[in-house]
Amino acid sequence: MFDLSRNHFELFGLPVDFIVDGDALAERYRELQRVVHPDRYASASDQEQRLALQQATQVNEAYETLKDPVKRAQYLLGLKGIDMDAQQETTRDTAFLMEQLQLREELENARNADDPEAVLDELMGRIGTMIRTLVAQMAIQFEEGTPEQLEAARESVRKMQFLNKLHAEAEALEAELEEQL
Amino acid sequence: MALLQIAEPGQSAAPHEHRLAAGIDLGTTNSLVATVRSGRAETLPDEQGNHLLPSVVRYTDEGVVVGEAARRAATSDPLNTIASAKRLIGRGVGDIKSLGDGLPYEFVEQESAVPRIRTRAGDLSPVEVSAEILRVLASRAEATLGGELSGVVITVPAYFDDAQRQATKDAARLAGLRVFRLLNEPTAAAVAYGLDREADGIHAIYDLGGGTFDISILRLHKGVFEVMATGGDSALGGDDFDRMVAQWIMDQAGIADDAGHVTLRTLMQQAREAKEALTEAGSVALTVELPGGGQWRGELDRDTFDELVDPLIRKTIGACRRALRDAGITAGEVREVVMVGGSTRVPRVRERVGEFFGRPVLADIDPDRVVAVGAAIQADVLAGNKPEDELLLLDVIPLSLGLETMGGLVEKIIPRNTTIPVARAQEFTTFKDGQTAMAVHVVQGERELVADCRSLARFELRGIPPMVAGAARIRVTFRVDADGLLNVEAEELSRGVKAEVTVKPSYGLTDDEIAGMLRASFEHAEEDMAARQLAESRVEGERVIEALRAALAADGDELLNAGERDRIDAALEKLVAAVAGDDPRAIEREMKQVEKTCEFYVERRMNTSIRQAMAGKRLDEF
């Protein structure tokens, strides 16, 4: 069997760390797909084709996980013995939640603003900054690596999910406004 | 002069046999076949020197006519002459109705989910019509190359959904072709442009064909084509331009909408000619025979034409904007914009697309042929004729795949623009106490309501142990292969009850229907079927033998100990003997045996390749 004991980082020959060199990751990804992609086995036996399909699927899965900070953080927590149920967990930080409510309200109001694009632009810029700040915090939390810091990283993941969702909704509204042009 | 190749010692010693392969662009309006000969990819002409085969099939009392002769009869024999079958392929009866009155055929309502067109030759599905076109192209390639094709690459619009892809593959199966891969048209065009050679960076491929529109954003890096995002409209193309012009003529000339098949066909034809003339000319004179007798004379100028088609072009620009957003880039980051498809000859299209991306568009390869040429290059690679080739295509699914949940809502399992192949699983639970079955409804599309998405398949998972609501854990796994085709599995985790479907039923032909069509295509059904089965088994068996011998020559000595090698050699010899015989079942049996014996070896080989690919990388990293 394809060596399933290897974790995603090992598969890509990268150190097990939250900070990932994006260029190196993309480069390794292409090298791995060159070897395992089903196109390489189009004339091979059915068995080899099945295996290639399985492995290319896993390489894609690993790449998706390592590329995205939230998925990467969750995966890394899992490797460190903290299994989060991302769909169920939510932050209890009331100040953060209040801020989310306010941002949501701003997003709702953007639609009816005089210049919706400008309002949306500014709002998305702010959300982007918050996301970047959280990612930077996570880098430090994983670097420290103490049980307390890992719990803090888990909390960061919960918050990131809020922000990502909000950002996606802002993008959807932007798309909708563009369609109306 | 070509230089002779000499293998390095220890490398594959088995002389590689050049396999014949072809790329087929199965278009809405025209189709083409191309192949790589002496290192050059070229489209192949018919005996009269025509490269384009009009995608029109006519059923006459004397037999099936495909191409130009059929197209010419479209007006005189509209009900038995099927054009634009690609617009119908993989679609349900409901979709066809919504495609409008532009389709002058007689549709038959019946039990099968696939619409049939009533013709002189019987009630035919679009899959059978498309198979006729594929047959003509494949035999053109075989006649030119002087041998049997080992396989083909068929292009499909990037925006084709699962049902349309599956139906295209079914058509190839009916035509007796082995499909190496379904390839997205814009990706094929990117390959043809040889963008890998010199132009690393981000490229946009704008592909407006006769009936479909695709936009793909690709990143090219040292021969790897990574599709970042794709979008489009699988029912928008040059035919719609013609329809706008035809409608304009009808309004001007006072022709009623229900003027009849022949009038509509004639008008569509005139509209098309007017559109083509306007590529060069500033205006075009029109003379239309009125259904009630008499004539209408008028003139269509470029400005009026541009106004007519602008709303359609605007729709394509909207899709470009979405694709850029999905790719997470701006128009300014796109290095080149490549134009593909006959409809990009319309000057207004080039102008507007150039404006949107802020740079002149590229159209130096014939937009009609570029897709077939790209498909031929990929077919040659997949046939194994270029083992050292750097070319690799990483494509995506165009539309999100999901499941129906309570309240008619869609839960997305795999979002659009995810790189394939991919597998994703999600857990669901029961809604009622003691619920023992679960209906799984697979859908494709971006909308939140099931009713607004495309229904792909329905199946049931039965035998769930009765528990309180919310206690059962049912894992549904979606797997999409490198052709973009979906397979769904549902499993109850505590008892391991499983159900699995290869998605096709909703709008597809069932396996039985295809088998029936295959049988019908042989006159002396039984003997021919048996002969065909033997021939197919032999080809398969030979493929396995050749692949295994090449593998053993390459690394058998390194990876196998003497005992392992003996076992594999013994299984291989039995298969060689079976292939020499004439019992297809014996061939199948020995093939299975070889597979089983080689399982560990195949895995060992692949893991070795991965290690080799990653070797040396770590040293400079740490």
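Naming: A, B, ... by sequence-line order, numbering from 1 per chain. All values below come from the heavy atoms of this structure, side chains included, with hydrogens, waters and symmetry mates left out.
Between the side chain of A:N60 and the backbone N or O of B:P421, at least one donor-acceptor pair lies under 3.5 Å. Under a 3.5 Å cut-off, the side chain of A:R34 and the backbone N or O of B:L392 do not form any donor-acceptor pair.
Contact check for B:F180 versus A:D39: no side-chain heavy atoms found under the 4.5 Å cut-off. Taking 4.5 Å as the limit, every side-chain heavy atom of A:Q47 sits out of range of all side-chain heavy atoms of B:K596. Using a 4.5 Å cut-off on side-chain heavy atoms (C-beta onward), B:K592 and A:D46 make no contact. Contact annotation: the side chain of B:E599 never approaches that of A:L51 to less than 4.5 Å [non-hydrogen atoms, C-beta and beyond].
Both the backbone and the side chain of A:A56 come within less than 4.5 Å of a heavy atom of chain B. Using a 4.5 Å cut-off between heavy atoms, A:A52 contacts chain B through both its backbone and its side chain. Only the backbone of B:V422 comes within less than 4.5 Å of a heavy atom in chain A; its side chain stays farther off. There is no contact between B:E427 and chain A, counting heavy-atom distances below 4.5 Å.
Heavy atoms of other residues, nucleotides or ligands lying less than 6.0 angstrom from CD of A:E122 number more than 12. By the 6.0 Å contact criterion, CD on B:E448 is open, its count of non-hydrogen atoms from other residues, nucleotides or ligands being 12 or less. Atom CD of B:E446 sits in a crowded spot, with more than 12 heavy atoms from other residues, nucleotides or ligands closer than 6.0 Å. Crowding of B:R219 atom CZ: a count of heavy atoms from other residues, nucleotides or ligands under 6.0 Å not exceeding 12. More than 12 heavy atoms of other residues, nucleotides or ligands sit less than 6.0 Å from atom CZ of A:R126.
Distance check, rounded to the nearest 0.5 Å: OH of A:Y29 to NE2 of B:H221 gives 13.5 Å. With rounding to the nearest 0.5 angstrom, the CG atom of B:D326 is 8.5 Å from the CD atom of A:E171. For the atom pair CD1 (B:I610) and CG (A:L11), the distance works out to 7.0 Å, reported to the nearest 0.5 Å. Interatomic distance, CD of B:E595 versus CD of A:E48, reported as 9.0 Å (0.5 Å rounding). The CG atom of B:N607 sits 6.0 Å away from the CD atom of A:Q55 when rounded to the nearest 0.5 Å.
Residues of residues 61-73 of chain A lying under 4.5 angstrom from chain B, judged on non-hydrogen atoms, are A:E61, A:Y63, A:E64 in numerical order. Residues from residues 94-106 of chain A never place a non-hydrogen atom less than 4.5 Å from a non-hydrogen atom of chain B.
Residue A:A42 comes nearest to B:R178 through the heavy atom pair O-NH2, 3.1 Å, listed as atom of the first residue, atom of the second, then distance.
Taking chain A as the reference chain and counting heavy-atom pairs below 4.5 Å, the highest number among B:I420, B:L548, B:V544, B:T419 is found for B:T419. Most heavy-atom pairs under 4.5 Å with chain A, from the set B:M591, B:R605, B:M606: that is B:M606.
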